[in-house]
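Notes for the one structure printed next.
Below, chains carry the letters A, B, ... as their sequence lines are ordered, and counting in each starts from 1. The model shown is predicted, which means the values in this text are computed figures rather than measured ones.
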Amino acid sequence: DGGITQSPKYLFRKEGQNVTLSCEQNLNHDAMYWYRQDPGQGLRLIYYSQIVNDFQKGDIAEGYSVSREKKESFPLTVTSAQKNPTAFYLCASSIEGGSGANVLTFGAGSRLTVL
Amino acid sequence: KQEVTQIPAALSVPEGENLVLNCSFTDSAIYNLQWFRQDPGKGLTSLLLIQSSQREQTSGRLNASLDKSSGRSTLYIAASQPGDSATYLCAVFDYKLSFGAGTTVTVRA
């Protein structure tokens, strides 16, 4: 079955550590996205990529980094510069980016907790 | 900046009652609006997408309307069931997707 796989589902990080969240899709989608979800708030866009080897900052990119070396993969690194990283992280993809006419497919999410 | 609001934040109804969920947005220059469902600790599942030229979309017991000029959308769920318990989020697309915080629905058996 086609879909998006996020790993790990739960992750604990000590202050000052970088961590990487994995996102893999087998839907042959061009566009991929990372969102952050906090209680009582809407999803906020961290980074997005419309094509391999290209990505753009979203609304809250500070303290995060991404890469898009393969169409199927869009890993997110939460760096020590992110001051409040505890949140639920969601990866999504769509057939193409930009038009908004395409339905987004979401992964199951990764919950990051800073100890 | 687009602001998306969903009121109320939480809703509890007895089984069988019709659900009415509201979404409002501040900038009416949108391309489309989507409704999503999110189960606790899970990702989002797309329910309906309404293009800006459309007034409504239907899928089974779900019906979503869009009034772009007034900046409002309503999601109707007919004859609610306990399995409808979840958080429902709306998102509007102008040049990017902007999400509301969601309405958490509990359907009591």
**Q.** Partner of L44(B) under side chain to side chain contact (heavy atoms under 4.5 Å, CB included), chosen from T105(A), L43(A), L104(A)
**A.**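 Testing each of T105(A), L43(A), L104(A) against L44(B), the sole residue satisfying side chain to side chain contact (heavy atoms under 4.5 Å, CB included) is L43(A).
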Hey, quick one: are [X] and [Y] part of the same hydrophobic cluster, counting side-chain heavy atoms closer than 4.5 Å, chains of contacts allowed?
| X | Y | answer |
| --- | --- | --- |
| L27(A) | Y48(A) | no |
| L33(B) | F93(B) | no |
| L11(B) | Y88(B) | yes |
| I30(B) | F36(B) | no |
| I60(A) | M32(A) | yes |

Q) Which region of Y35(A), side chain (C-beta onward) or backbone (N, CA, C, O), has a non-hydrogen atom less than 4.5 Å from a non-hydrogen atom of chain B, or is it both or neither? A) side chain
Q: Give, as side chain, backbone, both or neither, the part of Q6(A) having an atom under 4.5 angstrom from any heavy atom of chain B.
A: neither
If every non-hydrogen atom of [X] is compared with every non-hydrogen atom of [Y], which pair is closest and at what distance?
| X | Y | result |
| --- | --- | --- |
| K9(A) | G41(B) | NZ-O, 3.5 Å |
| F88(A) | K42(B) | CE2-O, 3.5 Å |
| A101(B) | G40(A) | CB-O, 3.4 Å |

Q | Region of Q6(B) that comes under 4.5 Å of a non-hydrogen atom in chain A | A | neither
Q) Measuring heavy-atom distances to chain A, does L89(B) have an atom under 4.5 Å in its side chain, in its backbone, in both, or in neither? A)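 Contact with chain A is through the side chain of L89(B) alone.
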**Q.** Options G100(B), G102(B), A91(B), ranked by heavy-atom pairs under 4.5 Å with chain A, top entry
**A.**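 It is G100(B).
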Q. Looking at CZ of F99(B) and CD of Q41(A), how far apart are the two atoms once the value is rounded to the nearest 0.5 Å?
A. 14.0 Å
Q: Might you confirm whether atom CZ of R44(A) has over 12 heavy atoms from other residues, nucleotides or ligands at distances under 6.0 Å?
A: yes
Q) Should we count CD of E15(B) as having more than 12 external heavy atoms under 6.0 Å? A) yes
**Q.** Candidate pair K1(B) and D59(A), rule side chain to side chain contact (heavy atoms under 4.5 Å, CB included), full reasoning
**A.** CA-CA 11 Å; K1(B) 178 188 172 187; D59(A) 298 321; over 6 Å; no
Q. Is Y33(A) close to L97(B) at the side-chain level, that is, under 4.5 Å between some pair of heavy atoms?
A. no
